[in-house]
Amino acid sequence: MRGMGNMQGMMKKMQKMQKEMEQAQNDLNATAFTGKASDDAVVVTFTGDKQMTDISIKPEAIDPDDPDMLQDLIIMAVNNAMNEIDTKTQATMGKYSKGMNIPGM
């Protein structure tokens with residue numbers, strides 16, 4: 001029954017890794033990510049779980065004759081924040097899935 005010790009050791013390592021992953025994900029979710037558009041005309045803040053917590057729009061970005069510009073600035077800022085979240089998430093969580101072929105990670 002020598003293999004049982006190895007199996008228990010592997011299970012303990014997996015449980016430890018799972019706790020570390022959960023903590024890393026919680027830390028990411030608590031992190032504020034900022035996305036900006038053109039000269040900070042629009043600035044958005046998201047949590048790591050992609051919930052918007054703030055948006056700031058400079059008055060000069062609001063042109064009643066050109067609402068498309070404001071829409072474009074908001075899209076640019078949101079996409080910038082999403083890219084920041086994705087990059088940080090991959091850098092943080094990717095270490096747990098190296099060498100594994102896990103869909104979605």
Side-chain angles (χ1 to χ4, degrees):
M1 294 284 179
R2 218 166 164 225
M4 279 306 229
N6 288 342
M7 183 64 82
Q8 287 177 339
M10 188 182 335
M11 290 301 289
K12 284 183 182 181
K13 285 181 185 179
M14 291 298 288
Q15 288 172 343
K16 180 181 177 198
M17 186 171 82
Q18 183 178 8
K19 285 181 184 179
E20 289 173 359
M21 285 175 61
E22 288 174 5
Q23 184 60 49
Q25 187 64 57
N26 289 338
D27 291 347
L28 279 170
N29 291 348
T31 302
F33 293 88
T34 303
K36 299 177 182 183
S38 300
D39 297 325
D40 297 345
V42 175
V43 179
V44 294
T45 304
F46 282 83
T47 58
D49 56 352
K50 298 182 179 180
Q51 299 298 306
M52 185 185 292
T53 58
D54 191 34
I55 184 169
S56 172
I57 302 171
K58 287 186 176 179
E60 56 268 21
I62 303 170
D63 182 352
D65 297 326
D66 190 7
D68 290 341
M69 181 185 73
L70 180 56
Q71 291 170 352
D72 290 344
L73 291 171
I74 292 170
I75 290 168
M76 189 183 308
V78 169
N79 286 340
N80 181 252
M82 293 297 119
N83 287 334
E84 291 290 322
I85 293 168
D86 290 342
T87 299
K88 180 67 173 178
T89 299
Q90 181 58 42
T92 301
M93 301 304 288
K95 65 184 174 188
Y96 296 108
S97 61
K98 281 185 181 169
M100 297 178 172
N101 189 12
I102 301 173
M105 291 197 78

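Residue numbers start at 1 and run along the sequence shown.
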Hey, can you pull the donor-acceptor pairs under 3.5 Å for the side chains in residues 72-83, sequence neighbours left out?
unit_1	atom_1	unit_2	atom_2	d
N79	ND2	I75	O	3.4
N80	OD1	K36	N	3.1
N83	ND2	N79	O	3.3

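- For the salt bridge (charged side-chain N to carboxylate O under 4.0 Å, His left out) condition, no pair includes a residue of residues 38-49, sequence neighbours left out.
- Expressed to the nearest 0.5 Å, how far NZ of K13 lies from CE of M11 amounts to 13.5 Å.
- Checked against salt bridge (charged side-chain N to carboxylate O under 4.0 Å, His left out), K16 has the following partners two or more places apart in sequence or in another chain: E20.
- The same ILVMFWY cluster, assembled from side-chain heavy atoms under 4.5 Å apart, contains both V42 and I62.
- Residue pairs meeting the side chain to side chain donor-acceptor pair (under 3.5 Å) criterion with at least one partner in residues 53-70, sequence neighbours excluded, do not occur; the list is empty.
- Grouping the Ile, Leu, Val, Met, Phe, Trp and Tyr side chains by contacts below 4.5 angstrom, directly or via other members, places F46 apart from V43.
- Residues satisfying the side-chain hydrogen bond (donor to acceptor under 3.5 Å, both in side chains) test with K50, not counting sequence neighbours, are D86.
- Here the CE atom belonging to M7 is positioned 11.0 Å from the CE atom belonging to M14, to the nearest 0.5 angstrom.
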Sequence neighbours excluded and cut-off under 3.5 Å, please list the side-chain donor-acceptor pairs for residues 23-35, or say none.
unit_1	atom_1	unit_2	atom_2	d
Q23	NE2	D27	OD1	2.7
Q25	NE2	N29	OD1	3.0
N26	ND2	E22	O	3.3
T31	OG1	D27	O	2.7

